[in-house]
Amino acid sequence: MNDDEAAPPSSAPDRVPAFDPERFRVEGRAVVDWIADYWSAVERRPVLSSVAPGWVRSHLPSRAPEAPEPLADVLADADRVILPGLTHWQHPAFFGWFPASTCGPSILGELLAAGLGVQGMLWATSPACTELETLVLDWLRDLLGLPVRFASTGAGGGVIQDSASSGLLCALVAARERATDLRSNATGVDQDARPLVVYASVDAHSSVEKAAGIAGIGRQWLRRIPGAGGGMDPAALARAMDEDAGAGRRPCFVVATVGTTASGAVDPVPAIAAVAARHAAWLHVDAAWAGAAALCPEFRGPLLAGAEAADSWGFNPHKWLLVNFDCHALWVADRTALVRALSTKPDYLRNAASDAGGVIDYSDWQVPLGRRFRALKLWMTLRMLGAEALRARIRDHVTWAGEFAAMLRGDPRFELLAEPSLSLVCFALRSGDETSRDLLDRVNATGAACLSHARVAGRFALRLAIGGPLTERRHVEQVWRTLAALAGSA
Ligand SMILES: *Cc1c(COP(=O)(O)O)cnc(C)c1O
């Protein structure tokens, strides 16, 4: 035996059962307490981690332990090494990127899912896992006011994916299937040499480019369509699609973004849908962040305009709806192409329910085979908070963003780079990109808040996105005071 290799534990006392309900009861309470303490005190921590690369690793052993260690030691290391190495996404003054919000009921749903430990790849491998998911996505469709064609009771239906990126990839693969009939030609290979083409605005999320690469469309066949007044220009889209079709290429997939990542701009979906329809291209709506606001009827108009013409529509409850990561809701108007593209039924998965049809096998709606019971956290969040509380939070956030924008407007040193979009405000110092960048660095260096940046209208923009579960109006007021003080005489 190599000297480095310790002997395996030989005596029974060293063996700790991996699955001991009584021990779990005690340790589970301790971990829940630890999390509750974290939430209670997170406001006092610096929002952004300031550790240097390698710091975390250098403070932990380089090899895994041979003998069991007590939970208390592990939690002590979490306090000592893990917490300083975190950016605290649940900090009330976290305003960066988009929120990754969570809440008690969602975390408990996650715990239930882990505790049950089931695989929901097929209806037959855990019927409740599939049926609850179908039900809560029908609930959510109804709550958002999405068209009935996305309901599971018709040809469509919803599925939970890990992320908007995966949802978009699945939609693209379904679009390719519809355009090429790969399955029915039995080879699984596109025999047609004419390229398929994908369209999205210049401000669409980078996951479109990734999906085009993964799906074998080729990143070079992604057309980035310029914007007009914040959203994609439908006339430019029409020109690009006509030109491709005229040159013998196959326009296949159009992504409309409802709430761009940089500035929250909304594409004119009805006009885009009309152009896509002329070429029989699949229309996917990416509402990853902004979609949550459709819960409030007064915000619905621009968010849902054109949705009835979309083939797929997705948003992330894990951004602004208090369901912890990962939870992306994807609806399709017709599930045929999606299932045809992604289903595999090896012999060991054959079962009577699937063979008879009439059940959903969600492994046919996603890239991986196995899947977690993610519906539980969505179900528990909706049940234990109720829709009205979720709406009230979104309304608060939009109101506070409006108040923040009003304070910016009242200060001649600052300017808005776009109209506030829901709870997102993009702004800059009038004195230019350099001073804006410097202001961002300085506000983040205080540790009292976290903002991020983007390029908006060709300028360096500071971004303030409100959406954290612990954020109150006073935190927004405080970050404004900090910004105003640090801006000096800029
Ligand atoms: C955040 C975001 C995404 C990516 O979300 P993931 O779930 O992390 O893949 C895609 N599109 C838009 C518009 C987003 O804001």
Side-chain angles (χ1 to χ4, degrees), residues 87 89 94-102 106 140 144 158-173 198-215 222 224-225 227 230-232 253-269 272 283-294 302-304 306-307 310 312-331 366-368 372 374 377-378 394 397 401 418 421-426 452-456 461 463-468:
T87 287
W89 283 69
F94 180 94
F95 301 111
W97 303 283
F98 282 130
S101 64
T102 184
S106 174
L140 201 53
L144 296 178
V159 57
I160 301 178
Q161 306 269 342
D162 57 1
S163 64
S165 305
S166 297
L168 189 134
L169 174 62
C170 291
L172 174 54
V173 167
V198 171
Y199 307 82
S201 88
V202 286
D203 296 319
H205 193 263
S206 55
S207 53
V208 186
E209 197 176 320
K210 218 184 209 182
I214 296 170
L222 164 62
R224 290 285 196 169
I225 308 299
M232 189 200 289
F253 187 68
V254 179
V255 181
T257 309
V258 167
T260 57
T261 312
S263 69
V266 176
D267 284 345
V269 183
I272 291 170
L283 175 63
H284 176 72
V285 174
D286 176 1
W289 162 71
L303 302 177
L304 296 191
S312 50
W313 200 97
F315 92 109
N316 284 341
H318 71 224
K319 276 182 171 157
W320 200 8
L321 213 59
L322 293 181
V323 181
N324 65 285
F325 192 85
D326 50 354
C327 185
H328 172 74
L330 173 73
W331 286 273
Q366 63 172 22
V367 173
R372 315 192 293 115
R374 288 196 194 93
K377 59 187 175 185
L378 190 48
I394 286 170
H397 297 166
S421 172
L422 299 167
S423 69
L424 173 65
V425 186
C426 292
S452 61
H453 63 88
R455 198 145 278 279
V456 176
R463 276 174 88 265
L464 177 104
I466 305 171

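We count ligands from 1, going down the list as the structure has it; atoms in each ligand are counted the same way.
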- From CZ (Phe94) to OG1 (Thr87), nearest 0.5 Å: 7.0 Å
- Query: What does the list of residues with a heavy atom under 4.0 Å from ligand 1 look like, ordered by chain and number?
  - Reply: Phe98, Ser163, Ala164, Ser165, His205, Gly259, Thr261, Asp286, Ala288, Asn316, His318, Lys319
- May I ask you to decide if the ring planes of Phe325 and His318 are parallel, tilted or perpendicular, using 30° and 60° as cut-offs? tilted
- How are the rings of Trp331 and Trp313 set relative to one another: parallel (under 30°), tilted (30 to 60°) or perpendicular (over 60°)? tilted
- Message: When you compare the side chain of Val285 with that of Asp267, does any pair of heavy atoms fall below 4.5 Å?
- Response: no
- Message: One thing to verify: whether Lys377 and Asp326 come together as a salt bridge, which I'm taking to mean a side-chain N less than 4.0 angstrom from a carboxylate O.
- Response: yes
- Message: According to side-chain contact (heavy atoms from CB on, under 4.5 Å), who are the partners of Ala200, at least two apart in sequence or on a separate chain?
- Response: Ala204, Val208, Leu222, Val255
